[in-house]
2 protein chains.
Amino acid sequence: MVALESLKTQDRLLDRQAASSIRRQIVSGMMPPGHRLLETELARNLEVSRGTIRSALMQLTSEGLVCQVAFTKWEVAPASVHEAWELYTLRAVLEGLGARLAAERATPASRTQLAKAFSELEKAAKAGNREAIVDADFNLHRTVIGMSGHGRLIQQHERLIQQVRFQMTHIGLTARDYHHLLEDHRALKDAVASGDADKAEQLARTHNSAEVERLLAESVKEKSAAAGRDSPG
Amino acid sequence: MVALESLKTQDRLLDRQAASSIRRQIVSGMMPPGHRLLETELARNLEVSRGTIRSALMQLTSEGLVCQVAFTKWEVAPASVHEAWELYTLRAVLEGLGARLAAERATPASRTQLAKAFSELEKAAKAGNREAIVDADFNLHRTVIGMSGHGRLIQQHERLIQQVRFQMTHIGLTARDYHHLLEDHRALKDAVASGDADKAEQLARTHNSAEVERLLAESVKEKSAAAGRDSPG
DNA sequence: ATTCAGTCAATTGTCAACAATTGATTATAG
DNA sequence: CTATAATCAATTGTTGACAATTGACTGAAT
């Protein structure tokens, strides 16, 4: 049976649609960090009222993509190594919990779904399609979290992913080589599918911790390079 | 030097004040789970416009205290064992991360603050003041998280605490005996203050896991008692 | 008795006008 | 020339009116 799409979906509300539109533009990099958001301009472009835009901007603020200075302005959230550090440290523990619960609750159906998500990643990696790899990567993580049966975790994780994509675009964290990426995910998938909760949690955490390490390493490199330029003598 | 209160604080915005007012009423138990929230009535009571109330309700929705059914109604969020389970599992990993970071970054000043927060709990426990104990308990956890220097963690933790208090009020989880409570917190405080990150994380996690166990144990008891009433033969 | 379309009151969703605040600009005093 | 106060345009904050949607109620057809 195909689940009938709920007619009471909230997506038809104008403020949600406006938020989706602006979110896409932020996450895709079209609107860079610090970009000023004018209610009037957005209202004109999206052909809705200012009140609707305000509602959308408030949603995006609660998602961490927009910042508000009361009585003054709205801006796209800043991107920095510290922001990225916050996201990855949070992500490590949230995905750790998700992987543990997923392993404990795996069913034949969810295992199949997980295997499928992994094979999509494999396919993308073999094709070498950069964008498809990123999508499949996030989707695999989303699948694991979805298996947890933890509503709040699922929602927070989704928000986190959007923020990670946003920061990635602007921090310029280089991609890992596909072989290691694939093996990391295979191990995680197998741990979850086999019900090894401890191992699943540990793999999910170290997977993200590794990203933090790479991030900080690159940031140190950049800093020392900048210092070298500043005072080359 | 006393920090000058920022004049640009967002608290003077009417929607924030309205949200605070409604939040207080929900967390304190005045508005029970499922209680219907009428925009017009709230607007009348708080003497602001409906638009302002809408904005407040959206904030509270993003905080997990209110639910929206589009075009139909706003309600106080449901309380249940599952909700409480979600909160405590999340809390375990978030406070685990917070305690780890706090231990890594402890300074003389923050250690003093932590010691003070603990002694407040001690004082409340000795006095046997139920409400003061709960406040001091949450405040101690807040202090640890605050030491992490992790903005997103601090914000999410604050939201989590509000939700926990709300659920506690309505699930009716009985209090632990003060002795064990105090010793748990003393151990956590000492681990953080001494910079033992691994131990701090582990203590923070098990402290919360224990609450989950108690929660589930009581829920099973209630269920079997209910089953006993239903089919006593 | 039951189903189904129509009606209606209650409620939420959207909008456009108005008020308040801010930061930049200009004018003024020293 | 600098510091300070007054002014102003741009922008956000708040409101009340209007539109759309829902769920309950009604009554006719079967």
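Just so it is clear: chains get the letters A, B, ... in the order the sequence lines come, proteins before strands, and each one is counted from 1.
The side chain of A/Q68 places an N or O atom within less than 4.0 Å of a non-bridging phosphate oxygen (OP1 or OP2) of D/dG13. Of the side-chain N and O atoms in A/R54, one or more sit less than 4.0 angstrom from OP1 or OP2 of D/dG13. A sub-4.0 Å separation between OP1 or OP2 of C/dT11 and a side-chain N or O of B/T40 is absent. The side chain of A/R50 places no N or O atom within less than 4.0 Å of a non-bridging phosphate oxygen (OP1 or OP2) of C/dA16. In this model, the phosphate group of D/dT11 is not approached by any side-chain N or O of A/T72 to a distance below 4.0 Å at OP1 or OP2.
The main-chain N or O of B/S80 is found under 3.5 Å from a side-chain atom of B/Q167 such that the two form a donor-acceptor pair. Side-chain atoms of B/E86 come within 3.5 Å of backbone N or O of A/G151 as a donor-acceptor pair.
When the P atom of D/dT12 is taken as reference, atom CZ of A/F71 falls 12 Å away, rounded to whole Å. Spacing between atom CD1 of B/I53 and atom P of D/dG13 amounts to 17 Å, rounded to whole angstrom units. Between B/L37 atom CG and C/dA10 atom P the separation is 19 Å, expressed in whole Å. In this entry the distance linking CG of B/L57 with P of C/dT11 reads 14 Å, nearest Å. Taking atom CD of residue B/Q17 and atom C1' of nucleotide D/dT14, one finds them 13 Å apart after rounding to whole Å. For the pair B/D15 CG and C/dA20 P, the computed distance is 17 Å after rounding to whole Å. One interatomic measurement links the two molecules: CH2 of B/W74 to C1' of D/dT21, which rounds to 15 Å at whole-angstrom precision. Atom CG of A/L38 is separated from atom C1' of D/dT12 by 10 Å (rounded to the nearest Å).
Using a cutoff of 4.0 Å between basic side-chain nitrogens and carboxylate oxygens, A/R165 and A/D135 are scored as salt-bridged. Classification of B/E95 and B/R205 as a salt-bridged pair fails, no side-chain N sitting under 4.0 Å from a carboxylate O. The residues B/E211 and B/R91 are annotated as not salt-bridged, no charged nitrogen and carboxylate oxygen being separated by less than 4.0 angstrom.
Of the listed nucleotides (C/dT22, D/dG13, C/dC15), C/dT22 has the atom at the smallest distance from the side chain of B/R12.
The residue B/R36 sits close only to the backbone: its heavy atoms come under 4.0 Å of sugar-phosphate atoms, none of a base.
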